[in-house]
Protein chains: 2
Amino acid sequence: MSAPKPNRAPRRRGYHHGDLRAVLLAAGEAELAEQGVEGFSLRGVAKRAEVSHAAPAHHFRDANGLLTALAAEGFRRFVDKQKARQQVADEDALSQLVAAGMGYVDFAMAHPALFRLMFSSNRPDHEAEELQIAASAAYRKLVEDVARLRGSPPGQSEPLPTDVMRTWAIAHGLADLMNSRRLKPLLGLRKAERDAALAAMLRRSLG
Amino acid sequence: MSAPKPNRAPRRRGYHHGDLRAVLLAAGEAELAEQGVEGFSLRGVAKRAEVSHAAPAHHFRDANGLLTALAAEGFRRFVDKQKARQQVADEDALSQLVAAGMGYVDFAMAHPALFRLMFSSNRPDHEAEELQIAASAAYRKLVEDVARLRGSPPGQSEPLPTDVMRTWAIAHGLADLMNSRRLKPLLGLRKAERDAALAAMLRRSLG
DNA sequence: CCCCTATCTTGACAATGTCAAGATAACTTC
DNA sequence: GAAGTTATCTTGACATTGTCAAGATAGGGG
């Protein structure tokens with residue numbers, strides 16, 4: 001038994017994996033994307049990672065624990081998408097806010113199941129610290145982008161709560177309805193035309 | 001064996017139930033309300049109806065079949081809530097549209113799990129005829145309410161698709177974010193104040 | 001009155017999440 | 001460097017769930 005397992009290349013060592021946690025997150029994301037929130041299976045994730053069915057328990061307490069970590073990671077990438085849109089947009093406050101809304105929709109279209117996990121599932125533990133931090137970072141970004149509309153210096157005066165909520169609702173509504181394929185007039189369009197229509201609606205409602 | 005079962009009062013006959021379909025729908029709604037979409041169990045529904053675990057299969061093909069019927073029933077009551085709000089609102093087109101939006105939110109708050117089943121779940125078969133009919137009735141109502149804003153005679157000229165989508169997005173965004181308890185500034189308020197804030201946001205975005 | 005069919009029950013099976021116990025490897029401490 | 005300790009992973013088990021197949025029961029039409 002000098003070589004306990006000749007081993008496939010990807011598995012680092014025979015027994016101990018090395019970075020199983022990261023592999024499980026990637027496998028979990030793939031499972032989520034392919035099966036959706038409601039078809040998500042922890043044993044399915046373990047199979048993708050080529051690991052035994054009980055292995056995930058040591059890195060995430062249970063299935064909801066893995067989903068909580070995935071949701072937190074989702075919120076971080078969610079903010080990234082918004083920033084990416086804003087970097088190629090005009091610098092005025094309204095254009096920046098519209099761009100953030102476009103990033104909101106972009107994210108929903110790019111990761112439909114993850115979006116549902118983050119916003120329409122109670123499987124993640126929304127009280128968990130990692131998730132709270134990631135989600136509230138996204139919320140703070142929203143508040144700041146709205147504050148800029150009033151010309152406030154960043155972090156100075158808080159915008160009206162109703163303006164924040166109204167802005168959020170419009171972006172979230174568009175994203176969620178796109179995600180469930182309910183905005184029929186937009187479904188046939190190519191990305192450029194769809195983006196133009198979405199941006200127009202955002203600008204109209206936020207201006 | 002003259003009396004095969006003395007029988008509790010609610011069960012109509014000893015073996016054949018009588019109106020099990022209706023009882024299952026009610027039990028399914030209770031299960032949904034208490035366990036949520038993701039905790040919904042078909043065997044749990046059967047227990048509530050005091051019936052064997054395989055009984056539902058004869059009235060609904062499978063668990064998703066029952067959920068499909070519940071979603072369709074949900075859309076019918078969804079329209080009712082909107083109409084109820086509109087009856088106690090001013091008659092001008094904008095007030096009527098705002099009232100429909102308030103009914104949208106009312107429904108989400110009154111039936112959180114059902115709302116998620118209808119808008120954020122792929123367990124219902126959204127191609128099923130009963131569900132399509134109920135959902136598109138709600139959509140037609142939206143289109144008509146938006147059309148009235150332009151002063152068009154009912155059913156005459158179609159409103160702009162972007163106006164329809166924008167209106168829908170605002171109402172849906174508010175309802176969905178309320179449903180997931182994300183609009184913090186509104187959570188502490190009493191219903192009267194919350195309604196006032198919601199109506200103000202709707203009116204501002206739709207006017 | 002008898003058969004037929006819809007309705008409901010019972011029993012079985014595979015899949016799933018979770019727990020407990022054991023195996024293996026890495027790390028610590030001397 | 002060796003032994004003990006801990007973290008990591010596997011194996012096996014159990015209850016729960018959705019679904020299917022076969023049998024029991026009853027209501028309705030000939």
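The sequence lines fix the lettering, A, B, ..., with proteins before strands; numbering per chain opens at 1.
D145(B) and Q86(B) form a side-chain donor-acceptor contact under 3.5 Å, judged by distance and modelled atom types alone. Q35(A) and S41(A) share no side-chain donor-acceptor pair at under 3.5 Å.
If you check distances only, the side chain of R21(B) never reaches the base of dT7(C) with a donor-acceptor pair under 3.5 Å. No N or O donor and acceptor, one from the side chain of R61(A) and one from the base of dT18(C), sit under 3.5 Å apart.
Along DNA chain D, the nucleotide closest to R123(B) and the one closest to H58(B) are compared, and the more 5′ of them pairs with R123(B).
The distance from atom CD of Q35(A) to atom C1' of dT16(C) is 13 Å, rounded to the nearest whole Å. For K47(B) and dT9(C), the NZ to C1' distance is 15 Å, given to the nearest whole Å. The distance from atom NE2 of H59(A) to atom C1' of dA7(D) is 9 Å, rounded to the nearest whole Å. Rounding to whole angstrom units, CG of residue L20(A) and C1' of dT24(C) are separated by 15 Å. The CD atom of E50(A) sits 11 Å away from the P atom of dT10(D) (whole-angstrom rounding).
Here A63(A) lies in heavy-atom contact (under 4.0 Å) with sugar-phosphate atoms only.
Between F119(B) and F78(B), the ring-plane angle classifies as perpendicular under the 30° and 60° cut-offs.
The residue from N64(A), T68(A), D62(A), L70(A) that alone fulfils the side-chain contact (heavy atoms from CB on, under 4.5 Å) condition with L66(A) is L70(A).
Using a 4.0 Å cut-off, no side-chain N or O of S41(B) falls inside it from OP1 or OP2 of dT16(D).
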